[in-house]
2 protein chains.
Amino acid sequence: MKTNKLCIMRLSKYKSALYRLKSLGFVRIFSDNLADAVEVTSSQVRKDFSIFDISGNKRGGYKIDELIEKINTILGKDELQKVVIIGVGKLGSALMHYTGFEKEGIKIVAAFDIDALKFKHKDKTPVLPLAELPEFVRKNNIKIGIITVPATAAQQVVEIMLPAGIKGVLNFAPIQLRGNDDCQINNVNLEVELENLIYFVNVLIKTKGK
Amino acid sequence: MKTNKLCIMRLSKYKSALYRLKSLGFVRIFSDNLADAVEVTSSQVRKDFSIFDISGNKRGGYKIDELIEKINTILGKDELQKVVIIGVGKLGSALMHYTGFEKEGIKIVAAFDIDALKFKHKDKTPVLPLAELPEFVRKNNIKIGIITVPATAAQQVVEIMLPAGIKGVLNFAPIQLRGNDDCQINNVNLEVELENLIYFVNVLIKTKGK
DNA sequence: TTACTTTTGTGATATTATTCACAATATATA
DNA sequence: TATATATTGTGAATAATATCACAAAAGTAA
């Protein structure tokens with residue numbers, strides 16, 4: 001089974017499109033429709049599915065419900081995923097209260113910071129001292145953490161998370177963090193995303209000018 | 001000149017690493033060092049540079065200042081980039097006040113919403129009615145917009161932005177938005193990023209178990 | 001039932017991206 | 001100055017990814 005990051009990203013996107021199509025009343029779907037929704041080719045869709053032995057019916061397409069279930073299984077979404085956030089700044093608290101995760105079975109169970117003014121031990125999603133992270137992570141069997149601290153603190157935070165048993169980090173600090181064999185780190189760099197967009201907009205404007 | 005999105009993303013990352021290395025006192029840099037900082041190979045770095053005719057000195061490496069300047073020119077960062085945000089929810093207001101953009105020459109000049117309770121005409125970064133977006137965009141020659149509205153509203157917002165003259169959209173709504181020849185849309189899907197991470201963490205845990 | 005049409009599933013092929021490998025050359029050293 | 005060494009720059013080779021194209025199967029219509 002040959003997979004790669006892009007392929008898994010597409011699976012997520014297929015799923016999200018499937019929920020939407022389902023809510024519009026569709027029961028079955030063709031690779032063509034999914035391809036449209038996610039802006040890929042229909043052979044890409046079928047190839048992705050074949051990698052994971054997802055099969056439909058020739059001429060009958062795929063049953064949406066089955067498809068969603070299979071994709072969820074592949075993505076490991078059978079059980080609720082508990083996630084912690086480190087860094088309760090603007091972005092951190094926005095993500096903390098972001099409602100989009102719950103429908104995907106992802107729950108932010110706690111946040112951590114070093115600023116005592118931000119501690120909220122009694123809240124539904126508590127904000128706790130960073131020093132308590134290792135114990136919390138072990139007790140609650142947390143695997144995933146989101147980093148939303150400033151770039152200068154990010155590597156230090158990783159050094160605390162790894163021995164605590166965190167296996168996956170989604171890093172929003174604008175610095176490329178290094179994972180290891182025991183921990184996967186994915187970086188989401190907002191500045192880079194915007195710069196990228198700016199580049200292609202400039203290309204667009206220049207080519208139009210011709 | 002053959003470019004692609006990944007290559008441009010790497011340029012941004014090189015630049016960010018260069019700022020860091022500069023602040024540590026470095027003046028010259030080798031492809032090796034940059035490769036380390038961004039987690040790519042040194043030939044990747046040199047290849048990327050050669051695509052844009054960036055050259056260093058054999059045995060002398062690259063001068064950091066020149067490199068930063070050249071990359072900024074390529075990325076179109078010669079002048080301040082004015083950006084608007086549509087959707088002043090949790091994520092929107094976090095991005096609105098996110099300080100990381102300014103050092104990259106990106107300025108959020110206004111935000112828009114449909115909820116009158118959110119309007120702040122007098123603020124430094126005003127929150128204005130969505131209806132005023134087209135006029136504002138034209139008057140201020142805005143090219144870039146960030147979408148942080150719910151998925152259900154995102155496509156409608158795009159339909160307002162395109163005729164107003166927006167050329168690039170960074171979309172945070174969890175739905176794949178479609179651009180056209182006149183407008184580039186890049187999607188950042190937080191749910192997808194997290195799901196992706198969860199997948200690879202599960203793979204990690206399974207393989208370790210063996 | 002039979003012929004026709006549509007859609008899947010997948011090897012073969014094409015395209016794109018990355019790494020290799022090494023000549024060219026700038027700098028350092030003796 | 002001559003020699004040794006490190007590093008770039010880039011074609012060639014390799015690897016990764018996506019598309020093509022078509023046989024096989026399943027539905028539809030007559």
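Numbered from 1 within each chain, the chains take letters A, B, ... in sequence-line order.
Remark: P of C:dA21 and NZ of B:Lys47 are 14 Å apart, rounded to the nearest angstrom. Separating the CG atom of A:Leu34 from the C1' atom of C:dT8 is a distance of 13 Å, rounded to the nearest angstrom. Here C:dT8 presents its P atom at 11 Å from CG of A:Leu67, a figure rounded to the nearest Å. One can place CD of A:Glu39 at 16 Å from C1' of D:dA18, the figure rounded to the nearest angstrom. Straight-line distance from the CG atom of B:Asp32 to the P atom of D:dT7: 7 Å, rounded to whole Å. Counting to the nearest Å, the P atom of C:dG9 and the CZ atom of A:Phe52 are 15 Å from each other. When the P atom of C:dG9 is taken as reference, atom CD1 of A:Ile54 falls 10 Å away, rounded to whole Å. Taking atom CD1 of residue A:Ile8 and atom C1' of nucleotide D:dT17, one finds them 14 Å apart after rounding to whole Å.
Dense packing is recorded around CD of A:Glu39, with more than 12 heavy atoms of other residues, nucleotides or ligands lying under 6.0 Å away. Annotation for A:Lys22: atom NZ does not count as buried by contact number, only 12 or fewer foreign heavy atoms lying within 6.0 Å.
A:Ser55 comes within contact range of the sugar-phosphate backbone alone, with a heavy-atom separation under 4.0 Å but no base atom that close. Residue contacts for B:Ser31: at a heavy-atom cut-off of 4.0 Å it reaches the sugar-phosphate backbone alone, with no base atom in range. Across all strands shown, B:Arg10 has heavy atoms under 4.0 Å from sugar-phosphate atoms exclusively, and none from any base. Within 4.0 Å of A:Phe49, counting heavy atoms only, lies no atom of the nucleic acid at all.
OP1 or OP2 of D:dG9 sits under 4.0 Å from a side-chain N or O of B:Tyr62. Dashed line: the shortest gap from a side-chain N or O of A:Thr41 to OP1 or OP2 of D:dT19 is under 4.0 Å. For B:Asn4, a side-chain nitrogen or oxygen approaches OP1 or OP2 of C:dA17 to under 4.0 Å. Under 4.0 angstrom from either OP1 or OP2 of C:dT27 there lies at least one side-chain N or O belonging to B:Asn57.
Each of B:Gln44 and A:Ile29 lies near DNA chain C, and the nucleotide nearest A:Ile29 is the one positioned closer to the 5' end. Between B:Gly61 and A:Ser43, the residue anchored closer to the 5' end of DNA chain D is B:Gly61, taking for each the nucleotide with the nearest heavy atom.
Among the nucleotides D:dT10, D:dT5, D:dA25, the one closest to the side chain of A:Lys58 is D:dA25. The B:Arg59 side chain lies nearest to C:dA26 when the options are C:dA26, C:dT8, C:dT10. For A:Arg46, the listed nucleotide lying nearest its side chain is C:dG9; candidates were C:dT5, D:dT7, C:dG9.
A distance of 6.0 Å or more separates the ring centres of B:Phe52 and B:Phe49.
A salt bridge between A:Glu104 and A:Lys77 is present, with a side-chain N of the basic residue lying under 4.0 Å from a carboxylate O of the acidic one.
For the salt bridge (Lys or Arg N to Asp or Glu O under 4.0 Å) with B:Glu195, the qualifying choice from A:Lys5, A:Lys103, A:Lys13, A:Lys15 is A:Lys15, the only one to do so. Among the candidates B:Ile144, B:Ile142, B:Leu75, the single residue satisfying the side chain to side chain contact (heavy atoms under 4.5 Å, CB included) test with B:Gln81 is B:Ile144.
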